[in-house]
Amino acid sequence: MLKGIDPRLNADVLYCLRSMGHGDTLVIADTNFPADSVARHTIYGDLLRMENLTCAEAMEAILSVLPLDTFVEDFAARMEVVDKPDEVPDVQAEVQAQIDLAEGRPRPMVSVERFEFYDRARESYAVIQTGERQFYGCFILRKGVIGPDA
């Protein structure tokens with residue numbers, strides 16, 4: 001246990017988040033996502049797990065230490081519902097609420113078609129699989145920067 005670090009962040013996840021640089025992307029996936037096979041194609045190469053958490057719970061913990069990119073529109077993306085790209089399932093609304101809370105303002109995620117999402121996921125830095133059982137609990141975050149102290 002570490003002071004000031006969310007206890008839901010395990011050592012492997014913390015190591016990976018710290019290793020990422022500005023612009024690197026991170027996949028947060030539900031339990032149905034082909035996480036292991038996709039993770040083998042990533043830079044990190046191994047699947048990370050936060051399987052006792054929902055996507056919203058994992059996102060809250062991750063965003064307590066990971067800055068989101070402020071230079072791009074695709075700082076956060078969600079997987080589109082097949083044939084319903086404008087539909088926002090509950091799991092995605094829950095994660096959007098965590099992003100807005102962490103950012104201190106509304107910052108809507110972009111949507112990505114399912115197969116394009118898989119392609120982007122394979123090119124990401126790493127994949128974290130959660131225990132989320134709601135469908136379409138799949139997200140990509142782009143790491144931002146932490147500026148110098150004022």
J.: Nearest 0.5 Å, please: how far is CG in N10 from CZ in R49?
T.: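 Separation between the atoms: 11.0 Å.
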J.: Hey, can you tell me if F117 and F33 have their rings parallel, tilted or perpendicular (30° and 60° cut-offs)?
T.: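 Plane angle over 60°, so perpendicular.
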J.: Nearest 0.5 Å please: distance from the CE atom of M20 over to the CZ atom of R142.
T.: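 Result: 9.0 Å between the selected atoms.
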J.: Hey, what do you get for CD (Q92) to CD1 (I99), rounding to the nearest 0.5 Å?
T.: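 These two atoms lie 10.0 Å from each other.
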J.: On a heavy-atom basis, which atom in E94 and which in A56 lie closest, and how many Å separate them?
T.: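 Closest pair (atom of E94, atom of A56, distance): CB-CB, 3.9 Å.
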J.: Can any side-chain N or O of Y136 pair as donor or acceptor with the backbone N or O of V82 at less than 3.5 Å?
T.: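 Flag set: sc Y136 to bb V82 pair under 3.5 Å.
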J.: Between atom CG of L9 and atom SG of C16, what is the distance when rounded to the nearest 0.5 Å?
T.: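 Taking CG in L9 and SG in C16, the distance rounds to 11.5 Å.
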J.: Has E57 got a side-chain atom pairing as donor or acceptor with T54's backbone, closer than 3.5 angstrom?
T.: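 Confirmed, E57 side chain pairs with T54 backbone.
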J.: Just jot down the side-chain hydrogen bond (donor to acceptor under 3.5 Å, both in side chains) partners of D36, sequence neighbours excluded, or say none.
T.: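 Listed in chain order: R40.
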J.: Less than 4.5 Å apart, any side-chain heavy atom of L68 and any of E103?
T.: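 Sidechains of E103 and L68: in contact.
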J.: Show the nearest heavy-atom pair for residues P85 and S111, with the distance to one decimal.
T.: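 Minimum heavy-atom contact is O-OG, 4.2 Å.
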J.: At what distance, to the nearest 0.5 angstrom, does CD of E132 lie from CE of M59?
T.: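 If I round to the nearest 0.5 Å, the distance is 10.5 Å.
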J.: Should L66 and L101 be regarded as members of a common hydrophobic cluster, given that ILVMFWY residues are connected when their side-chain heavy atoms come within less than 4.5 Å of each other, either directly or indirectly?
T.: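 No; L101 is not reachable from L66 via cluster members.
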J.: Is any side-chain heavy atom of V110 closer than 4.5 Å to one of F75?
T.: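 Sidechains of V110 and F75: no contact.
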J.: Do F135 and V95 sit in the same hydrophobic cluster, where Ile, Leu, Val, Met, Phe, Trp and Tyr count as joined when their side-chain heavy atoms come under 4.5 Å apart?
T.: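 Different clusters.
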J.: Checking L26 against L17 for the side chain to side chain contact (heavy atoms under 4.5 Å, CB included) test, could you report, in this order, the C-alpha distance in whole Å, the side-chain angles of both residues, the deciding distance, and whether it holds?
T.: CA-CA 9 Å; L26 175 70; L17 296 177; 3.5 Å; yes
J.: Between R107 and D100, which heavy-atom pair has the shortest distance, and what is it?
T.: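 What the structure gives for the nearest pair is N-OD1, 2.9 Å.
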J.: Provide the closest heavy-atom pair for Q129 versus T31 in the form atom of the first, atom of the second, distance.
T.: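 Residues Q129 and T31, closest heavy atoms: NE2-O, 3.2 Å.
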J.: Give a yes or no on whether I146 and V65 share a hydrophobic cluster (residues Ile, Leu, Val, Met, Phe, Trp, Tyr; joining criterion: side-chain heavy atoms under 4.5 Å apart).
T.: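 No, I146 does not connect to V65 through the hydrophobic network.
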J.: Please determine whether the number of non-hydrogen atoms from other residues, nucleotides or ligands lying under 6.0 Å from atom CD of E113 exceeds 12.
T.: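 Yes - once you tally the heavy atoms of other residues, nucleotides and ligands closer than 6.0 Å, there are more than 12.
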J.: Taking all non-hydrogen atoms of both residues into account, name the closest pair between T42 and A121 and its distance.
T.: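 For T42 and A121, the tightest heavy-atom pair comes out as CG2-O, 3.6 Å.
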J.: Strictly below 4.0 Å, N to O, side chains only: are R133 and D30 in salt-bridge contact?
T.: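 Answer for the salt bridge query: no.
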J.: Which heavy atom of C55 sits nearest to which heavy atom of V91, and what is that distance?
T.: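 Scanning both residues completely, I find the closest heavy atoms to be CB-CG2, 4.2 Å.
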J.: Does any part of the side chain of V88, heavy atoms only, come nearer than 4.5 Å to the side chain of Q96, both counted from C-beta?
T.: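 SC-SC contact between Q96 and V88 ruled out.
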J.: Would you say the side chain of M109 lies within less than 4.5 Å of the side chain of F139, judging by non-hydrogen atoms?
T.: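 Of all side-chain heavy-atom pairs linking M109 with F139, at least one is under 4.5 Å.
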J.: Rounded to the nearest 0.5 Å, what separation is found between the CG atom of L48 and the OH atom of Y44?
T.: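 Atom-to-atom, L48:CG and Y44:OH are 5.0 Å apart.
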J.: Does the side chain of N32 come within less than 4.5 Å of C138's, by heavy atoms?
T.: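 Side-chain contact under 4.5 Å: no.
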J.: Is any side-chain heavy atom of L141 closer than 4.5 Å to a side-chain heavy atom of I62?
T.: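 SC-SC contact between L141 and I62 confirmed.
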J.: From the options R120, E116, R114, select the one residue that forms a side-chain contact (heavy atoms from CB on, under 4.5 Å) with Y118.
T.: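 Exactly one pass, corresponding to R114.
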J.: Determine, step by step, whether R8 and L53 satisfy the side chain to side chain contact (heavy atoms under 4.5 Å, CB included) criterion, reporting the C-alpha distance in whole Å, the side-chain angles of both residues, the deciding distance to 0.1 Å, and the verdict.
T.: CA-CA 8 Å; R8 297 173 291 186; L53 303 174; 3.8 Å; yes
J.: Treat each ILVMFWY residue as a node, draw an edge where side-chain heavy atoms are under 4.5 Å apart, and state whether L63 and V27 are in one component.
T.: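 Looking at the clustering, V27 is in a separate group from L63.
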J.: Side chain to side chain contact (heavy atoms under 4.5 Å, CB included), that's the test. Do F71 and H22 meet it? Break it down for me.
T.: CA-CA 10 Å; F71 296 107; H22 181 214; 3.7 Å; yes
J.: After noting the C-alpha distance and the side-chain angles of V112 and I140, does the key distance pass the side chain to side chain contact (heavy atoms under 4.5 Å, CB included) rule?
T.: CA-CA 10 Å; V112 177; I140 299 175; 5.8 Å; no
